[in-house]
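Since the structure is predicted, the reported quantities are computational estimates derived from the model, not experimental observations. Counting from 1, the numbers follow the sequence of the chain as shown. Every heavy atom of this structure was used, including side-chain atoms; hydrogens, water molecules and symmetry mates were not.
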Amino acid sequence: MSPFYRFASRGAIIPFLKAVSRQRVEGVENIPSQGAFIAVANHLTELDSLTAMRALVDQDVPVYSLAKSTLFDVPVLGSILRAGGQIPVHRSSSAASSSLGEAERVLRAGESIMVFPEGTLSRDPLRWPMTGKTGAARLAMATGAPVLPMGQWGAHLILDGYSKRLRPFPRKDVRVLIGPPLDLTRFGTDTADHEAVRACTAEIMSAITALVEQLRGERAPRPYDMKYDGDPGKGQIGVRRPDPEPQEPEHGEAP
């Protein structure tokens, strides 16, 4: 991690977050003291990437992140991301898979990565984590790196993910809860095994959701699934469909 990135995060990003929020982080003892790991978190606002990174930087744990390519075009922020060697994700393009390859290279070099497994801001009108994309699971299976789940709540009150309206004052409470690292090696290393990848992804999202449940003090409903509930489009909040009927067990199977 470049000296400039460390300076920028502590000299610009963190002071901004301190000005607009009161951030409380719990579970820092769960951050691995050595070796590469994959940090994963829920995603409600563009600020989530900064609050999650801050939770680690405050513990002097440098971490690379997979960030959507358009953020690299934002003045100042783009320069900071490039200086820090952060990895752009070009969505819906042939270059999208190259970001995972670069992330894998970083992990194998002993550096840690941050991924938002939902792949986009949550479209759930109830603001719970959605079903996840498979990128984080594929990285974990390919490298054997542990996955560090993080739950966040409150940053969306500063910058709403849907209206993009910034409400910096009064300062908002932002809470981050870090859970124990997940050992996902039982899912194997074959990322072409779609069932294993899906099961690994579900476990990652379940761990994140459990942390958000603790922060919110309530139980989460089933995950919003854009394949079932529908994709309302960029920057739009979705509408939940009725929960699907439970499938009847096939003849001869136990209920």
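Residue pairs meeting the side-chain hydrogen bond (donor to acceptor under 3.5 Å, both in side chains) criterion with at least one partner in residues 23-41, sequence neighbours excluded, are Glu26-Arg175. Within the structure, the side-chain hydrogen bond (donor to acceptor under 3.5 Å, both in side chains) test picks out the following pairs touching residues 134-146 (sequence neighbours left out): Thr134-Arg138.
When atom types are taken as modelled, the side chain of Glu203 and the backbone of Leu184 share no donor-acceptor pair closer than 3.5 angstrom. The backbone N or O of Lys18 lies less than 3.5 Å from a partner atom in the side chain of Arg171, making a donor-acceptor pair. A donor-acceptor pair is defined here as one N or O able to donate and one able to accept, closer than 3.5 Å; such a pair exists between the side chain of Gln152 and the backbone of Ala52. When atom types are taken as modelled, the side chain of Thr201 and the backbone of Val197 share a donor-acceptor pair closer than 3.5 angstrom. With hydrogens and angles ignored, the 3.5 Å screen pairs a side-chain donor or acceptor of Arg241 with a backbone N or O of Tyr228. With hydrogens and angles disregarded, a donor-acceptor distance shorter than 3.5 Å links the side chain of Ser112 to the backbone of Phe37. Within the 3.5 Å criterion, the main-chain N or O of Ala55 finds no donor-acceptor partner in the side chain of Asp58.
Counting only N and O atoms by type, the side chains of Thr185 and Asp183 include a donor and acceptor under 3.5 Å apart.
Taking every heavy atom of both residues into account, Ala140 and Val147 meet most closely at CB-CG2, 3.8 Å. Considering every non-hydrogen atom in both Phe16 and Leu47, the closest pair reads CE2-CD2, 4.1 Å. Residues Pro117 and Ala136 approach most closely at CG-CB, 4.3 Å, considering heavy atoms. Pro149 and Leu211 get closest at one heavy-atom pair: O-CD1, 3.4 Å. Of all heavy-atom pairs spanning Met205 and Pro129, the tightest one is CE-CB, 3.9 Å. Heavy atoms only, all atoms of each residue included: Ala145 and Leu107 are closest at CB-CD2, 4.4 Å.
Distance check: His156 NE2 to His43 NE2 gives 14.0 Å after rounding to the nearest 0.5 Å. Here CG of Leu100 is found 12.5 Å from NZ of Lys133. Values are rounded to the nearest 0.5 Å. Here the straight-line distance linking atom CE of Met114 with atom OH of Tyr64 works out to 14.0 Å at 0.5 Å rounding. With rounding to the nearest 0.5 angstrom, the CG atom of Asp243 is 8.5 Å from the CG atom of Asp229. Separating the CG atom in Asp48 from the OG1 atom in Thr45 is a distance of 5.5 Å, to the nearest 0.5 Å.
Hydrophobic clustering of Ile, Leu, Val, Met, Phe, Trp and Tyr side chains at less than 4.5 Å, counting indirect connections, keeps Leu44 apart from Leu126. Hydrophobic cluster membership is shared by Val61 and Met150, with clusters built from Ile, Leu, Val, Met, Phe, Trp and Tyr side chains linked at under 4.5 angstrom. Hydrophobic clustering of Ile, Leu, Val, Met, Phe, Trp and Tyr side chains at less than 4.5 Å, counting indirect connections, keeps Val239 apart from Tyr162.
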Practice task
Give the C-alpha distance, both sets of side-chain angles, the deciding distance and a yes or no for side chain to side chain contact (heavy atoms under 4.5 Å, CB included) between Lys227 and Thr131.
Solution key: CA-CA 9 Å; Lys227 291 182 178 178; Thr131 55; over 6 Å; no
Let's go through Ile13 and Met53 carefully: what are the C-alpha distance in whole Å and the side-chain angles of both, what is the deciding distance for side chain to side chain contact (heavy atoms under 4.5 Å, CB included) to 0.1 Å, and is it a yes or a no?
CA-CA 10 Å; Ile13 295 174; Met53 290 282 282; over 6 Å; no
Exercise for the section: Kindly indicate, with the supporting measurements, whether the criterion side chain to side chain contact (heavy atoms under 4.5 Å, CB included) is fulfilled by Ser21 and Ile158. Expected result: CA-CA 8 Å; Ser21 68; Ile158 304 168; 3.7 Å; yes
Checklist entry - Step by step, would you call Asp173 with Arg22 a salt bridge (Lys or Arg N to Asp or Glu O under 4.0 Å)? => result CA-CA 5 Å; Asp173 290 323; Arg22 294 178 294 268; 2.8 Å; yes
As a quick check of understanding, evaluate side chain to side chain contact (heavy atoms under 4.5 Å, CB included) for Ile178 and Ile31, giving each step before the final call. CA-CA 8 Å; Ile178 304 173; Ile31 301 174; 4.0 Å; yes
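Under the salt bridge (charged side-chain N to carboxylate O under 4.0 Å, His left out) test applied with Asp160, the options Arg165, Arg127, Lys172 reduce to a single match, Arg127. Residue Ile38 forms a side chain to side chain contact (heavy atoms under 4.5 Å, CB included) with just one option from Val63, Leu182, Val115, Leu148, and that option is Val115. Exactly one residue among Leu121, Thr120, Asn42 makes a side chain to side chain contact (heavy atoms under 4.5 Å, CB included) with Met130. That residue is Thr120.
Side chains of Pro223 and Thr209 form no contact here, defined as non-hydrogen atoms less than 4.5 Å apart. Contact of the Trp153 side chain with the Leu177 side chain is not registered, since no non-hydrogen atoms from C-beta on lie closer than 4.5 Å.
Applying the ring pair (Phe, Tyr, Trp, His ring centres under 6.0 Å) rule to Trp128 yields no partners; only residues at least two apart in sequence or on another chain are considered.
Stacking of Arg123 on the aromatic ring of Tyr224 is not recorded, the 6.0 Å distance cut-off and the 45° axial limit not both being met.
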